[in-house]
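Residue numbers begin at 1 in each chain, while the letters A, B, ... track the order of the sequences.
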There are 2 protein chains.
Amino acid sequence: MKTGRLFVISGPSGAGKGTICQRLASGTGGGEANSPVLSVSATTRAPRPGEKDGVSYHFVTDEEFRGMIDRRDFLEYAEVFGCFYGTPRRTIVRTLEEGRDVLLEIDVQGALQVKRNYPESILVFVLPPSIRDLKKRIEGRGSESAAQIAKRVGEATREIAEIGAYDYAVVNDDIAKTVAEIKEIMGGRHARMADGEAREIIARFNADAMGLG
Amino acid sequence: MKTGRLFVISGPSGAGKGTICQRLASGTGGGEANSPVLSVSATTRAPRPGEKDGVSYHFVTDEEFRGMIDRRDFLEYAEVFGCFYGTPRRTIVRTLEEGRDVLLEIDVQGALQVKRNYPESILVFVLPPSIRDLKKRIEGRGSESAAQIAKRVGEATREIAEIGAYDYAVVNDDIAKTVAEIKEIMGGRHARMADGEAREIIARFNADAMGLG
């Protein structure tokens with residue numbers, strides 16, 4: 001059986017990566033069994049009402065989190081407002097070994113860390129149609145001040161400057177189209193030969209030809 | 001507008017690459033305008049009844065063919081039983097520049113030549129499910145002697161040994177499934193960033209952000 005692939009869906013805040021991942025993981029349009037599995041982060045922050053352990057996050061203590069860092073059990077981690085957030089390597093690898101793809105929704109800095117720690121990961125950058133459009137989307141949320149919005153736009157420009165490290169770029173001007181595009185990227189990657197796979201294929205067919213002798 | 005990509009569909013005789021290319025180019029299941037264009041070879045052999053110039057082949061004289069070789073107007077060419085066959089670079093490049101993908105059905109040696117002369121090409125290897133199965137398919141055609149079949153099986157094994165130079169491998173155990181798989185490969189490649197594309201994206205978004213200033 002083929003192992004799965006880790007797809008990292010990333011891009012600036014407001015580009016729509018969250019919605020995209022939810023749709024991809026819900027498997028609409030594909031078979032349930034083939035739909036990718038969303039990676040669940042570990043965090044030291046307290047659960048909020050309605051958040052379930054193992055679904056929203058793996059809620060762990062500071063000590064447990066530190067232990068995971070020491071065992072190099074994170075593909076990336078970061079501290080935000082005194083709480084830790086990390087992407088656990090072990091659960092992802094286990095899912096990949098079961099032959100299922102994993103989707104990881106993460107910001108640009110996190111994606112770059114994941115690529116360093118797991119070079120086989122496939123990085124997809126979700127771009128807004130334009131900065132103007134991104135600004136409108138963030139304004140539309142109505143949750144941020146003008147100064148915060150200006151800050152986000154600046155961040156987005158700096159994040160886009162990292163796009164050269166990515167494998168794929170998709171412009172999210174239509175959510176259904178973007179989801180279909182990423183599905184094609186994911187589907188196509190399965191025929192892509194991994195390291196050593198060519199050698200396996202050759203050996204298999206050689207043995208086969210011998211058998212016919 | 002994005003330029004198209006050259007997809008080289010290749011593999012041993014009997015693996016089904018011809019049928020696959022016909023189905024991909026006929027655009028069933030996709031929009032006509034988006035379906036890839038089949039590359040038409042140039043040849044010095046005489047047209048057979050029913051063969052149309054520019055459709056089956058570009059029929060050219062020995063002198064014209066030699067002129068094309070001198071102008072390096074072939075991505076690959078070969079001599080078979082005293083006749084020349086070649087893949088014309090110029091018509092392919094023109095089609096790609098129009099934003100359409102090109103499909104090139106070719107044997108393994110030809111595919112390797114194309115990759116050397118046009119490194120941006122994307123090589124897809126069509127594998128039979130097994131050598132046993134390939135043998136059965138060739139036998140099923142009923143057109144070849146036992147000795148010829150044995151020779152073909154030997155050739156197939158040597159051709160499969162070149163698979164390491166390919167980008168993708170698909171096992172053709174079901175024609176509809178294989179066509180769908182290659183469509184996914186082709187679709188996914190469009191989001192793949194080409195050389196220099198990252199720089200263009202960054203420049204565009206920077207200009208955009210300046211404009212908002």
Side-chain angles (χ1 to χ4, degrees), chain A residues 12 122-135 149-150 153-154 156-171 178 180-213, chain B residues 12 122-135 149-150 153-154 156-171 178 180-213:
Chain A
I122 297 152
L123 267 53
V124 180
F125 202 106
V126 180
L127 284 163
S130 68
I131 292 289
R132 192 176 299 273
D133 189 275
L134 185 78
K135 193 168 169 245
I149 292 170
V153 167
T157 315
R158 279 192 300 279
E159 285 172 330
I160 292 168
E162 304 285 356
I163 202 167
Y166 281 67
D167 300 293
Y168 295 90
V170 291
V171 176
T178 305
E181 250 181 77
I182 298 181
K183 272 188 190 168
E184 284 191 323
I185 292 170
M186 298 179 74
R189 290 303 295 209
H190 284 268
R192 181 108 196 164
M193 281 183 286
D195 284 350
E197 203 175 329
R199 226 169 313 139
E200 273 171 46
I201 292 172
I202 294 166
R204 180 158 61 81
F205 278 91
N206 274 337
D208 197 16
M210 298 284 182
L212 286 182
Chain B
I122 297 152
L123 267 53
V124 180
F125 202 105
V126 179
L127 285 163
S130 68
I131 291 289
R132 193 176 297 274
D133 188 276
L134 185 77
K135 193 168 171 247
I149 292 168
V153 168
T157 315
R158 279 191 302 280
E159 286 172 331
I160 291 168
E162 304 285 356
I163 202 166
Y166 282 66
D167 300 293
Y168 296 90
V170 290
V171 177
T178 306
E181 248 180 78
I182 298 181
K183 273 189 190 165
E184 282 191 323
I185 292 170
M186 298 178 74
R189 290 303 295 209
H190 283 269
R192 182 109 193 161
M193 280 184 285
D195 284 349
E197 203 175 328
R199 227 168 314 139
E200 273 172 45
I201 293 172
I202 295 166
R204 180 157 62 80
F205 277 93
N206 273 338
D208 196 15
M210 299 285 181
L212 286 182

Notebook entry, point to check: chain A heavy atoms under 4.5 Å from B:P12: which part of the residue, side chain, backbone, both or neither?
Noted result: neither
Note to self: Ignoring hydrogens, what is the shortest heavy-atom contact between B:A161 and A:I202? Give both atom names and the distance.
What the structure shows: O-CD1, 3.4 Å
Checklist line | Partners passing ring pair (Phe, Tyr, Trp, His ring centres under 6.0 Å) against A:Y166 (at least two apart in sequence or in another chain) | finding: A:F125
Margin query: Please classify the contact of B:R204 with chain A as side chain, backbone, both or neither, using a heavy-atom distance under 4.5 Å.
Written below: side chain
Note to self: Just so I understand: if I count every heavy-atom pair under 4.5 Å between each of B:I163, B:L134, B:T157 and chain A, which residue has the most?
What the structure shows: B:I163
Checklist line | Residue, of B:A156, B:G154, B:A150, B:P128, that accumulates the most heavy atom pairs under 4.5 Å with chain A | finding: B:P128
Check: Looking only at heavy atoms, what is the nearest atom pair of A:G164 and B:A198, with distance?
Finding: CA-CB, 3.6 Å
Next item on the list: Compare every heavy atom of A:D208 with every heavy atom of B:R132, then report the nearest pair and how far apart it is.
Entry: N-OD2, 3.8 Å
Check: Do you know which two heavy atoms are closest between A:R192 and B:R189, and how far apart they sit?
Finding: NH1-NH1, 2.7 Å
Check: If you tally heavy-atom pairs under 4.5 Å against chain B, which of A:V124, A:I201, A:V153 wins?
Finding: A:I201
Next item on the list: Identify the two heavy atoms, one from B:I185 and one from A:A191, that lie closest to each other, and give their separation to 0.1 Å.
Entry: CD1-CB, 3.5 Å
Check: Can you tell which of B:G187, B:A169, B:A203 has the highest number of heavy-atom pairs within less than 4.5 Å of chain A?
Finding: B:A169
Next item on the list: Under 4.5 Å, counting heavy-atom pairs only, tell me which of B:E184, B:E197, B:E181 racks up the most with chain A.
Entry: B:E184
Notebook entry, point to check: Quick one: what part of B:L127 sits under 4.5 Å from any heavy atom of chain A, side chain, backbone, both or neither?
Noted result: side chain
Notebook entry, point to check: How long is the span from the CD1 atom in B:I131 to the CE atom in A:M210, to the nearest 0.5 Å?
Noted result: 11.0 Å
Next item on the list: Only counting residues at least two apart or in another chain, list the ones meeting side chain to side chain contact (heavy atoms under 4.5 Å, CB included) with B:E162.
Entry: B:V108, B:Q109, B:L112
